[in-house]
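Because the structure is a prediction, the values reported are computed rather than measured. What's counted below: heavy atoms across the whole structure, side chains too, no hydrogens, waters or symmetry copies. Here is the naming used below: chain letters follow the sequence lines, and residue numbers restart at 1 for every chain.
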There are 2 protein chains.
Amino acid sequence: MTITSTASTAARQHTLRERNLELVARAVFESPSPLSRADVAAATGLARATVSTLVDQLVASRLVQELPAVTGGRAGRPAVPLVPAPRSVVGLGLEVNVDYLGARVLDLTGAVVAEHVEPGAFHDSDPATVLGRLGALASELVRQVADDGMSVAGARLALPGLVDPRAGRLAVAPNLGWSSVEPVPLLGLSLPVEIANEAKLAALAELAGPVPRSFLYVSGDVGIGAAIVLDRALFLGERGWSGEIGHVVVDPAGPRCSCGAYGCLEEYAGKEAILRGAGLGPDAPLGDLLTLLPGDGEAAVRAAGRALGSALADFVNLVDVGTVVLGGLYTDLIPWLRDDVLAVLDERVLASPFVDLEVRPAAAGPHAALTGGAREVLRGVLSDPSAFV
Amino acid sequence: MTITSTASTAARQHTLRERNLELVARAVFESPSPLSRADVAAATGLARATVSTLVDQLVASRLVQELPAVTGGRAGRPAVPLVPAPRSVVGLGLEVNVDYLGARVLDLTGAVVAEHVEPGAFHDSDPATVLGRLGALASELVRQVADDGMSVAGARLALPGLVDPRAGRLAVAPNLGWSSVEPVPLLGLSLPVEIANEAKLAALAELAGPVPRSFLYVSGDVGIGAAIVLDRALFLGERGWSGEIGHVVVDPAGPRCSCGAYGCLEEYAGKEAILRGAGLGPDAPLGDLLTLLPGDGEAAVRAAGRALGSALADFVNLVDVGTVVLGGLYTDLIPWLRDDVLAVLDERVLASPFVDLEVRPAAAGPHAALTGGAREVLRGVLSDPSAFV
DNA sequence: CGTAATAGTTCATCCGTACAACTAATGCGG
DNA sequence: CCGCATTAGTTGTACGGATGAACTATTACG
């Protein structure tokens with residue numbers, strides 16, 4: 001996970017090459033349809049000669065693949081289509097959450113190459129044991145894909161808590177009962193591994209689909225996490241702890257929260273609060289709630305929607321982003337949440353007369369943080385392809 | 001896998017030069033003590049030969065000045081100290097606010113070269129008239145400094161409202177009674193002028209002093225504005241409307257706000273709310289309040305502090321920044337505000353056990369937005385010195 | 001006054017991109 | 001079937017910019 005730093009360094013000749021190599025790689029990877037060398041030249045503004053040498057390097061280092069030349073309708077020598085190379089360089093996403101742990105391997109085309117998800121109950125677990133288990137599982141996966149000739153560029157570990165990515169430390173993960181852990185050594189992997197917050201990586205998984213360049217991602221579960229995505233990149237804040245929306249004030253006269261304050265968002269829109277409001281037990285599966293909709297559960301969900309709208313309004317007022325993506329348990333509740341969320345947003349967001357605020361469900365499938373983590377590794381490869389040449 | 005990034009453009013040879021020119025300029029401008037060419041080479045990692053040619057260009061284009069060589073204690077040829085050139089290239093800061101309009105010219109050393117501030121009452125004013133007046137005043141100032149051989153690089157206009165800097169439009173400024181204005185043409189200046197929110201430019205003025213790389217700036221007046229500074233740069237949000245903290249929820253059961261919602265921060269910590277709480281009229285000067293402290297006014301100020309703390313806690317939870325700078329009328333109230341703000345922050349910020357949150361008064365003097373605007377213009381010069389060579 | 005030390009400049013060299021001319025491979029019209 | 005137009009990709013020369021080494025300039029110190 002990259003953290004913006006202005007510390008620019010002296011630019012030499014090879015800096016040019018690195019930058020242009022990245023530029024060419026991005027052009028190939030971002031394009032919806034395969035580009036030829038000539039197309040890349042036109043898209044980047046580089047000379048055809050330059051593009052050729054750069055593309056040749058990317059092909060040689062197995063990041064880009066040449067497809068058979070397609071002899072399409074028009075005159076001239078047929079173009080060689082360039083595409084991200086499948087099953088060559090891959091990224092590993094890892095996650096420990098309350099009720100499962102898992103690993104997922106993605107290749108540069110975005111395809112899932114291998115994965116293993118294991119249900120479990122890690123509510124008050126031992127970090128060394130759990131991370132050791134995940135490490136073993138991940139090693140097996142890495143061995144597997146390496147046997148198939150792929151090389152794993154790195155890994156990202158998603159954790160549900162306050163993560164300091166720079167220090168590589170998990171400050172606290174209330175729902176796991178973990179605090180002050182350095183998880184990477186406990187995995188025992190011989191790969192570069194970085195850690196990140198679960199909601200933040202899940203947000204990045206959304207970038208696989210059609211989504212605005214900037215949005216807020218809110219993931220509802222037992223806790224409520226959020227991530228700020230700006231210009232298709234995570235905004236982390238000074239320490240990587242941005243997006244802690246779960247304890248935003250909804251009503252100072254509200255119920256006491258486990259954090260010590262009163263009327264936090266989680267007391268209205270957290271999983272347990274919604275289930276309780278619908279007359280269900282705190283461990284009831286989400287399906288039980290959905291069967292009560294519309295009907296007995298509706299009031300509880302709508303109350304959550306209004307609370308969520310209030311917290312999101314603060315968020316939008318402070319950060320100014322026009323799209324909110326709802327993930328986690330909210331995804332399935334969108335039909336019953338959306339109107340209330342939008343109504344409160346319209347009422348409380350100062351800029352609402354000038355902007356169309358949008359609330360949409362998350363598009364990434366289950367265990368989105370695994371996908372997001374793997375994608376983030378590959379984004380790192382793409383942003384410095386010269387390291388692989 | 002489609003990953004998009006900021007559309008960077010092809011890098012050529014002259015890109016190298018531009019980047020290194022900026023690097024050298026920044027080294028000279030940001031150093032607390034004058035550097036020699038050799039020092040710059042050491043600081044940037046560039047070769048001495050390269051630095052020499054780049055510095056020569058900066059000197060030739062009057063951005064950098066050579067001081068007389070100082071024959072200090074140690075052996076060797078004495079170094080030529082390099083400093084930002086005074087009174088050569090200058091930036092113009094402009095502002096229209098409720099009770100004054102003004103213009104201020106800063107040179108590259110940060111010194112005020114010329115300024116003119118005119119009190120007035122622009123509560124429900126006509127944009128064309130007021131901006132025409134400001135434009136005339138600014139022209140006179142520009143003529144003056146041009147006669148002294150300085151060249152004005154550009155201007156920034158600060159406005160108290162929702163500004164879209166990209167579109168160059170002021171959406172609305174409630175306290176001026178303006179809405180949907182394109183201010184730049186109305187100034188009638190033959191300079192590149194950009195517009196920005198007043199609090200955001202005032203925040204940038206803080207960068208002149210010793211301040212962390214990232215902080216929140218909150219300016220209290222009739223309305224409450226805020227700005228997010230990250231890595232010494234403004235964070236604007238998608239449309240430039242970040243930092244609208246004035247209408248964050250403090251208590252949904254609170255008094256009705258002019259924005260239509262209930263219990264907004266401004267109803268607790270806005271100028272009128274504080275004055276009313278202290279038993280003063282809404283137009284009473286700030287001095288009247290200060291004479292009541294400590295004493296009769298204290299309860300009102302402390303209530304404002306708690307409300308401010310609550311809103312700032314949301315802010316810090318969402319954005320993750322460790323320092324809060326209080327400007328506007330809060331600057332003078334800091335002694336009576338600080339403890340309550342910090343207490344609420346400690347209570348509600350999830351990361352507070354792991355961070356030292358700091359609340360400090362603004363250091364920039366009066367009309368900080370004028371200074372910040374002029375500085376912003378000069379920052380633009382600094383980030384692309386090649387345009388001046 | 002000679003030597004060491006530091007600042008700044010000059011020059012040959014290297015590297016990467018651009019431009020232009022080239023080769024390669026196709027469609028099309030006669 | 002052949003020549004021509006067209007587009008893709010490659011080769012070779014030129015140019016701009018950074019570099020390191022050698023050079024000059026200017027001081028302190030013994």
Side-chain angles (χ1 to χ4, degrees), chain A residues 8-24 27-28 33-60 64-83 385-386 389, chain B residues 8-24 27-28 33-60 64-83 385-386 389:
Chain A
S8 49
T9 158
R12 343 243 146 142
Q13 327 285 90
H14 71 88
T15 314
L16 271 194
R17 164 135 299 201
E18 281 168 25
R19 249 196 62 160
N20 286 336
L21 198 63
E22 178 187 346
L23 198 67
V24 168
V28 171
S33 59
L35 300 179
S36 67
R37 287 170 171 79
D39 294 333
V40 172
T44 58
L46 290 165
R48 289 213 314 276
T50 311
V51 169
S52 257
T53 62
L54 294 174
V55 165
D56 289 348
Q57 290 183 30
L58 291 174
V59 170
V64 166
Q65 200 182 32
E66 294 180 310
L67 294 184
V70 54
T71 157
R74 66 179 199 284
R77 173 174 170 176
V80 179
L82 303 168
V83 291
S386 61
V389 175
Chain B
S8 49
T9 157
R12 324 188 174 201
Q13 325 285 88
H14 72 88
T15 315
L16 273 192
R17 163 131 306 195
E18 280 168 26
R19 248 198 60 159
N20 286 336
L21 197 63
E22 176 186 346
L23 198 66
V24 168
V28 171
S33 58
L35 300 179
S36 67
R37 287 170 173 78
D39 294 333
V40 172
T44 58
L46 291 165
R48 289 211 315 275
T50 312
V51 170
S52 257
T53 61
L54 293 174
V55 165
D56 289 348
Q57 290 183 31
L58 291 174
V59 170
V64 166
Q65 200 182 32
E66 293 181 311
L67 294 184
V70 53
T71 159
R74 66 178 199 285
R77 173 174 169 175
V80 178
L82 303 168
V83 292
S386 60
V389 175

Enquirer: Set out, in order, the CA-CA distance, both residues' side-chain angles and the distance that settles side chain to side chain contact (heavy atoms under 4.5 Å, CB included) for Arg37(A) and Asp56(A), then state yes or no.
Expert: CA-CA 10 Å; Arg37(A) 287 170 171 79; Asp56(A) 289 348; 3.0 Å; yes

Enquirer: How far apart are the closest heavy atoms of Pro81(B) and Pro68(B), and which atoms are they?
Expert: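 Pro81(B) and Pro68(B) have their closest heavy atoms at CD-O, 3.6 Å.
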
Enquirer: Quick check on dA7(C): is either OP1 or OP2 less than 4.0 Å from any side-chain nitrogen or oxygen of Ser52(B)?
Expert: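 No, Ser52(B) has no side-chain N/O under 4.0 Å of OP1/OP2 on dA7(C).
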
Enquirer: Give the table of side-chain donor-acceptor pairs shorter than 3.5 Å for residues 41-55 of chain B, with sequence neighbours excluded, one pair per line with atom names and distance.
Expert:
unit_1   : atom_1 : unit_2   : atom_2 : d
Thr44(B) : OG1    : Val40(B) : O      : 2.8
Thr44(B) : OG1    : Leu46(B) : N      : 3.2
Thr53(B) : OG1    : Thr50(B) : O      : 2.8

Enquirer: Strictly below 4.0 Å, heavy-atom distances to any atom of DNA chain C: list the hits from residues 13-23 of chain B, or just say none.
Expert: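 Result for residues 13-23 of chain B: Gln13(B), sorted by number.
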
Enquirer: The side chain of Arg77(A) lies closest to which of these nucleotides: dA5(C), dA25(C), dG8(C)?
Expert: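 Minimum distance to the Arg77(A) side chain belongs to dA25(C).
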
Enquirer: CG of Leu54(B) versus C1' of dG8(C): gap in Å, rounded?
Expert: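 Rounded to the whole Å, the gap is 14 Å.
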
Enquirer: Pick base, sugar-phosphate or nothing for Ala38(B), based on heavy-atom distances below 4.0 Å to the nucleic acid.
Expert: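 If one applies the 4.0 Å heavy-atom cut-off, Ala38(B) turns out to touch the sugar-phosphate alone, with no base involved.
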
Enquirer: Relative to the 5' end of DNA chain D, which residue comes earlier, Arg12(A) or Asp39(A), by the nucleotide with the nearest heavy atom?
Expert: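 Taking each residue's closest nucleotide, the earlier one in sequence belongs to Asp39(A).
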
Enquirer: With rounding to the nearest 0.5 angstrom, report the CG to OG distance, Leu67(B) to Ser36(B).
Expert: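 One gets 12.0 Å once the value is rounded to the nearest 0.5 Å.
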
Enquirer: Please confirm whether the shortest side-chain N or O distance from Thr50(A) to OP1 or OP2 of dA18(C) is below 4.0 Å.
Expert: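 So the side chain of Thr50(A) is within the cut-off, an N or O lying under 4.0 Å from OP1 or OP2 of dA18(C).
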
Enquirer: What distance do Leu58(A) atom CG and Glu66(A) atom CD have between them, rounded to the nearest 0.5 Å?
Expert: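 With rounding to 0.5 Å, CG (Leu58(A)) is 11.0 Å from CD (Glu66(A)).
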
Enquirer: Within the 4.0 Å heavy-atom criterion, would you say Val80(A) contacts the bases, only the backbone, or no part of the nucleic acid?
Expert: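 Sugar-phosphate contact only.
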
Enquirer: So which nucleotide from dC19(C), dT26(C), dT6(C) ends up closest to the side chain of Arg74(B)?
Expert: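 Among the listed nucleotides, the one closest to the side chain of Arg74(B) is dT6(C).
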
Enquirer: Counting N and O atoms only, with roles assigned by atom type, does the side chain of Arg12(B) sit under 3.5 Å from a partner on the main chain of Leu16(A), one being a donor and the other an acceptor?
Expert: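 Not confirmed, Arg12(B) side chain does not pair with Leu16(A) backbone.
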
Enquirer: For Ala11(A), which contact category applies under a 4.0 Å heavy-atom criterion: base, sugar-phosphate, or nothing?
Expert: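 If one applies the 4.0 Å heavy-atom cut-off, Ala11(A) turns out to touch the sugar-phosphate alone, with no base involved.
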
Enquirer: Between Ala69(A) and Thr53(A), which residue's closest nucleotide on DNA chain C lies nearer the 5′ terminus?
Expert: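 With Thr53(A) and Ala69(A) compared, the 5'-side residue is Thr53(A).
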
Enquirer: Working to the nearest 0.5 Å, report the span between NE2 of His14(B) and OG of Ser386(B).
Expert: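 Separation between the atoms: 9.0 Å.
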
Enquirer: Calculate, to the nearest 0.5 Å, the distance between atoms CZ and CG belonging to Arg19(B) and Leu21(B) respectively.
Expert: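 Spacing of CZ (Arg19(B)) from CG (Leu21(B)) equals 12.5 Å.
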
Enquirer: Which part of the nucleic acid, if any, lies within reach of Arg48(B) when heavy atoms closer than 4.0 Å are counted: base, sugar-phosphate only, or nothing?
Expert: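 If one applies the 4.0 Å heavy-atom cut-off, Arg48(B) turns out to touch a base.
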
Enquirer: Determine, step by step, whether Leu82(B) and Leu35(B) satisfy the side chain to side chain contact (heavy atoms under 4.5 Å, CB included) criterion, reporting the C-alpha distance in whole Å, the side-chain angles of both residues, the deciding distance to 0.1 Å, and the verdict.
Expert: CA-CA 6 Å; Leu82(B) 303 168; Leu35(B) 300 179; 5.6 Å; no

Enquirer: Between Asp56(A) and Ala75(A), which residue's closest nucleotide on DNA chain D lies nearer the 5′ terminus?
Expert: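 Counting from the 5' end, the first nearest nucleotide belongs to Ala75(A).
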
Enquirer: When you list every nucleotide of DNA chain D with an atom under 4.0 Å from a heavy atom of chain A, which one comes first 5' to 3', and which comes last?
Expert: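 Result: dT6(D) to dT19(D).
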
Enquirer: Of Ala10(B) and Pro81(B), whose closest DNA chain C nucleotide lies nearer the 5' terminus?
Expert: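 Closest to the 5' end, via its nearest nucleotide, is Pro81(B).
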
